[in-house]
Amino acid sequence: MSDNANSAKILHGLNPQQQQAVKNCQQPCLVLAGAGCGKTSVITRKILWLLHEEKIPSNRLAAVTFTNKAANEMQSRLKKHLSATERKNLTVCTFHSLGLSLLKQNYNEANLSANFSLIDPQDVQKLLKEIGDEQGVYDLAQIRQVSFIISRYKNQNISPEKAFQLEDKLDFAEPEIIELSNRIYSYYEQKLQAYNLIDFDDLLLKPLQLLQHSEIVKNDWGKRFQHILIDEYQDTNECQYQLLIQLVKPDPTNPLPDPQFTAVGDDNQSIYEWRGANPQNLNQLKVDFPNLEIIPLEQNYRSTNTILNASNALIENNQSIIAKKLWSTLGDGNAINLRHFPNNIEEANKITQAIAHHHLINKTSLNDYCVLYRSNYQAEPLEKNLKQLDLAYTVSGGISLFNRSEIKTVLAYLKLMANPQDNVSFLRIINTPKREIGDKTIQQLIQYAENTDLSLFEACNSNGLYGIFTEKICQRLNHFHSWINEKRNKILDDLKTGMDTLLEETHFFDWIIAQAKHKKTGQNQVERIKRLQQWLLNIQKYNEGYDLADIIHHLNLVERLEDQDNKDQASISLMTIHNAKGLEFPYVYLIGLEEGSIPHYNNLQNERGIAEERRLAYVAMTRAKKQLTLSHSANKQTHKGNVKLTPSRFLKEIPQQYFIDTNKQLTPEEKKQQREFYINRMKEMFVEKE
DNA sequence: ACGCCGCGTATTTTT
DNA sequence: TACGCGGCGT
């Protein structure tokens with residue numbers, strides 16, 4: 001194939017703006033892609049273009065996304081167009097896993113040991129609580145705020161020292177809490193360092209600091225990539241922005257014209273400001289790179305005009321950074337269904353029934369349906385109904401496998417083996433299951449370890465123990481130490497049998513079943529552990545050369561996908577709006593459109609909060625291709641009885657002309673017709689099955 | 001040291 | 001609703 005034919009092939013089917021975005025490789029490029037305007041196509045085609053037309057070597061190209069879902073999606077779209085070498089060398093991953101790779105290669109520069117491990121948010125809370133205890137702060141709500149503020153500091157590349165000097169304080173917390181946070185922050189960092197741990201935010205922060213201050217890293221990673229593509233650019237925080245700048249910064253000794261990157265984003269879909277994302281980064285690009293080419297994409301290939309117009313009308317109430325008006329050629333389509341219900345249980349009932357009904361009549365795939373909601377707990381009544389109706393469904397997110405306590409315990413064993421300095425994991429398992437090492441012993445051990453500068457695990461094998469504890473207790477601690485080492489060797493030798501012995505010798509399953517309140521929950525826990533084991537084995541199988549620490553990192557960072565058991569089976573998707581970003585479905589049901597939910601209570605205080613909530617509603621609505629259904633209810637049952645609800649203000653911002661009210665009463669004749677139609681369809685179904 | 005019981009409280013969104 | 005934590009009894 002000639003070069004020309006090949007380039008035509010890469011550009012095939014793209015509109016002129018998209019083509020421009022793909023072809024422009026000479027200057028930094030910002031693609032402002034509205035929802036459903038084909039931004040993933042632009043990124044994937046541009047990767048191909050850079051590889052095959054610009055002849056950039058595949059190891060000098062990176063595409064960075066925010067979620068694993070997006071990275072996987074991109075990988076699979078690229079797969080068939082790439083050679084094996086290209087596939088292997090090309091970097092397509094999340095910001096966080098890119099950071100991890102950098103740290104793994106440069107742990108020394110970052111003052112970490114090679115076997116550093118990742119601490120999850122729950123354990124962060126525990127650690128902060130510990131520090132709080134030492135500081136005389138026992139209020140758990142305060143500790144939660146502190147963890148939030150520290151995370152925010154880290155996202156903005158603010159060190160503990162700088163936090164103290166900060167002139168304009170963060171505007172979202174009480175001054176006392178800020179002060180408390182500042183105090184705890186430095187202790188927290190010290191502990192992480194001592195335990196050889198990093199948290200999620202460090203995956204961005206530490207690489208950035210290395211790129212800024214370490215010559216070794218600057219010379220390696222600072223020059224590694226010739227072109228970087230970033231997806232969902234509006235969700236970058238300060239740290240990520242600077243990280244990008246460092247990675248694409250041209251070498252000052254050899255001035256290239258411009259750094260090369262392609263950022264793709266949409267300020268209307270910025271829904272992570274609460275996590276420190278700064279959509280102003282879109283504007284900042286213009287300032288920092290005067291040569292920036294900005295390409296808007298406004299033709300939507302996803303939704304009907306009714307859905308688009310309604311969504312546009314809603315988002316017009318926000319002050320956009322960049323005004324956009326989406327349009328499509330897919331026609332008007334159906335009006336949006338607006339439904340109201342007496343309460344949230346009824347809502348779940350009727351929505352699931354509506355889906356069942358629609359699915360039955362139109363012979364659609366269950367994959368075509370998605371129910372969106374604000375908070376994870378809203379999935380529960382839906383699940384109950386779908387189970388009753390025997391319809392397959394998938395819940396994304398929610399209480400993930402990794403938040404289960406039994407899973408965390410098993411992982412803590414492995415983490416301690418991988419990283420003996422990990423005191424957090426040590427404390428989790430030292431007496432779980434019980435091995436007669438009680439609270440008092442542990443407190444004394446902590447004291448001793450602090451005095452001698454040993455990790456808790458190392459302290460268990462120290463001769464100094466005999467001065468403190470009775471013979472019996474010393475033996476128990478010694479035994480734990482040697483036992484863990486023994487199991488570590490077994491596991492390094494053979495993960496499967498090693499873990500089997502670990503579980504056997506701790507009588508783990510017996511212990512779980514014995515302490516479970518119901519037989520069934522115990523069985524479920526055992527099942528989950530077996531699944532975890534299988535998961536770990538798979539990771540090892542598909543990633544040659546991974547050591548134990550690598551496997552755990554991979555599990556924490558990459559493999560957090562939901563059940564893959566029945567992936568082939570079509571199913572209705574249930575997910576939070578945040579989880580739905582970047583996805584599309586023919587039939588979307590957005591439930592719980594009430595004040596307090598969308599917009600959420602905690603975001604009602606100021607216009608900024610409301611604007612983010614409005615964007616959230618916008619993201620939800622623009623997931624729909626053919627038919628959108630919005631619903632709300634008048635009451636909801638909570639743990640503290642009944643709560644009255646009012647419809648979301650956003651419903652009033654959408655012109656009535658786009659709605660039909662499906663709650664209108666049917667005439668008896670219409671009811672009869674509907675019923676007959678339904679019965680006939682049921683009959684057909686049975687005939688088909690036989 | 002451990003297990004059980006009961007109370008209180010938390011529920012926004014995620015890498 | 002569910003889980004965590006503290007208190008109390010063995």
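Below, chains carry the letters A, B, ... as their sequence lines are ordered, and counting in each starts from 1. As the structure is a prediction and not an experimental result, all values here were calculated from the model.
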Would you say dT13(B) has OP1 or OP2 under 4.0 Å from some side-chain N or O of Asn603(A)? no

Return the set of residues passing side-chain contact (heavy atoms from CB on, under 4.5 Å) with Ser97(A) (not counting sequence neighbours), or none when no residue passes. Cys93(A), Thr94(A), Leu557(A)

Separation of Glu612(A) atom CD from dT14(B) atom C1', in whole Å? 12 Å

Touch class at under 4.0 angstrom, heavy-atom based, for Asp201(A) against every strand present: nothing

Round to the nearest Å and state the distance from Asp120(A) atom CG to dT15(B) atom C1'. 12 Å

Ring centres of Tyr153(A) and Tyr185(A) under 6.0 Å apart? yes

Could you check how far OH of Tyr601(A) sits from P of dA10(B), rounded to whole Å? 16 Å

Sugar-phosphate, base or nothing in reach of Thr441(A), heavy atoms under 4.0 Å: sugar-phosphate

Let me know the distance between CD of Gln125(A) and P of dT11(B), rounded to the nearest Å. 9 Å

Counting only N and O atoms by type, is there a donor-acceptor contact under 3.5 Å from the side chain of Thr236(A) to the main-chain atoms of Tyr233(A)? yes

Starting from the 5' end of DNA chain B, give me the residue, Arg435(A) or Thr94(A), whose nearest nucleotide shows up first. Arg435(A)

Taking the side chain from Glu436(A) and the backbone from Arg476(A), do they hold a donor-acceptor pair closer than 3.5 Å? no

To the nearest angstrom, the CG-P distance between Asn344(A) and dT11(B) comes to 19 Å

Could you work out which one of dT11(B), dC2(B), dT13(B) sits closest to the side chain of Ser375(A)? dT13(B)

The side chain of Asn376(A) is closest to which nucleotide in this list: dT11(B), dT14(B), dC2(B)? dT14(B)

Pick the closest DNA chain B nucleotide for Glu436(A) and for His96(A) by heavy atoms, then say which residue is nearer the 5' end. Glu436(A)

Nearest listed nucleotide, side chain of Arg275(A), among dT14(B), dT11(B), dA1(B): dT14(B)

Using whole Å, report how far CD of Gln145(A) lies from P of dT11(B). 12 Å

May I ask you to verify if any side-chain N or O of Asn579(A) is less than 4.0 angstrom from the OP1 or OP2 atom of dT14(B)? yes

Evaluate the ring planes of Phe426(A) and Phe457(A), with Trp represented by its six-membered ring, and classify them as parallel (under 30°), tilted (30 to 60°) or perpendicular (over 60°). perpendicular

Near-strand residues of residues 265-274 of chain A, defined as heavy-atom separation under 4.0 angstrom from DNA chain B: Tyr272(A), Trp274(A)

From His96(A) NE2 over to Phe200(A) CZ, what is the distance, rounded to the nearest 0.5 angstrom? 7.0 Å

Classify the ring geometry between Trp221(A) and Phe225(A) as parallel (under 30°), tilted (30 to 60°) or perpendicular (over 60°). perpendicular

Can you list everything that forms a side-chain contact (heavy atoms from CB on, under 4.5 Å) with Glu584(A)? Sequence neighbours excluded, please. Arg302(A), Lys625(A)

Write down the distance between CD (Glu380(A)) and P (dT11(B)), rounded to a whole number of angstrom. 16 Å

Atom CZ of Arg144(A) to atom C1' of dT11(B): distance rounded to whole Å? 9 Å

Nucleotide nearest Thr576(A) when distance is taken to its side chain, options dC2(B), dT13(B), dA10(B): dT13(B)

Check every strand shown and say whether Phe66(A) touches a base, only sugar-phosphate, or nothing at a heavy-atom separation below 4.0 Å. sugar-phosphate

